[in-house]
Amino acid sequence: MKYSEKVKKASTIYNAIKGLKEDQSISIVYKGDTYKISAYSSYEDKLSYSIWSGFRGMNIDKVGKTSLTLYSYDMMSQRTSYRLSLLEASLLPEDRGDQK
C-alpha cells in the first residue's frame with residue numbers, strides 16, 4: 001500500500017483527533033480493545049492528548065498522519081514508548097464526526 005493510500009485510510013481518525021477541543025474525547029477500537037483519546041490544555045494553554053483504556057493511560061507525543069506516538073513514565077522514571085497505527089484502529093460509531 002502506498003503512503004498516500006495509508007494517509008487516506010487513516011484520515012477519518014486523524015481528523016477526529018485533530019478536531020478535538022479542550023475537554024473533548026473520542027473512543028477508538030484498536031486490536032479488539034476500546035480506548036478513549038482525550039484533549040486537554042497543558043502548559044502555556046497548548047492542546048495535548050492522552051489515551052486511556054480503563055485505568056491505564058499514556059500521553060500522546062505526536063499525532064502523525066498514519067500513527068500516534070505514545071509515551072509514559074513508570075515510578076522509576078523509565079520512559080516507555082509505543083507507536084499505535086491508525087490503520088489498525090477504527091472510530092466507534094457514536095463518535096464519527098461528533099466529538100463529546
With Tyr82 via side-chain hydrogen bond (donor to acceptor under 3.5 Å, both in side chains) - residues at least two apart: Tyr30
Exactly one of Ile28, Leu68, Leu91, Ile60 should register a side-chain contact (heavy atoms from CB on, under 4.5 Å) with Ile17. Which one does? Leu68
Applying side chain to side chain contact (heavy atoms under 4.5 Å, CB included), can you list everything that pairs with Tyr3, at least two apart in sequence or on another chain? Val7, Lys65, Thr66
Roughly how far apart are Asn59 CG and Trp52 CH2, rounded to 0.5 Å? 8.0 Å
May I ask you to check whether over 12 heavy atoms, not counting those of Arg79, lie within 6.0 Å of atom CZ? yes
Donor-acceptor pairs under 3.5 Å, side chain of residues 33-45 to any protein atom, not counting sequence neighbours: which ones?
residue, atom, partner, partner atom, Å
Ser42, OG, Lys46, O, 2.9
Ser42, OG, Ser48, OG, 2.9

All side chain to side chain contact (heavy atoms under 4.5 Å, CB included) counterparts of Lys8, not counting sequence neighbours: none
Residues Leu86 and Gly64: closest non-hydrogen pair is CD1-O, 3.7 Å
Residues which pass side chain to side chain contact (heavy atoms under 4.5 Å, CB included) with Lys62, listed by chain and number, not counting sequence neighbours: Thr69
Atom OG of Ser11 and atom NZ of Lys18: how far apart are they, to the nearest 0.5 Å? 14.5 Å
Find out if a path of hydrophobic residues (ILVMFWY) with successive side-chain heavy-atom gaps under 4.5 Å connects Leu87 to Val63. no
Qualifying residues under side chain to side chain contact (heavy atoms under 4.5 Å, CB included), relative to Thr80, sequence neighbours excluded: Met58, Ser72
How long is the straight-line distance from OG of Ser85 back to NZ of Lys9, given to the nearest 0.5 Å? 8.0 Å
Could you give the distance from NZ (Lys21) to CG (Leu47), rounded to the nearest 0.5 Å? 9.0 Å
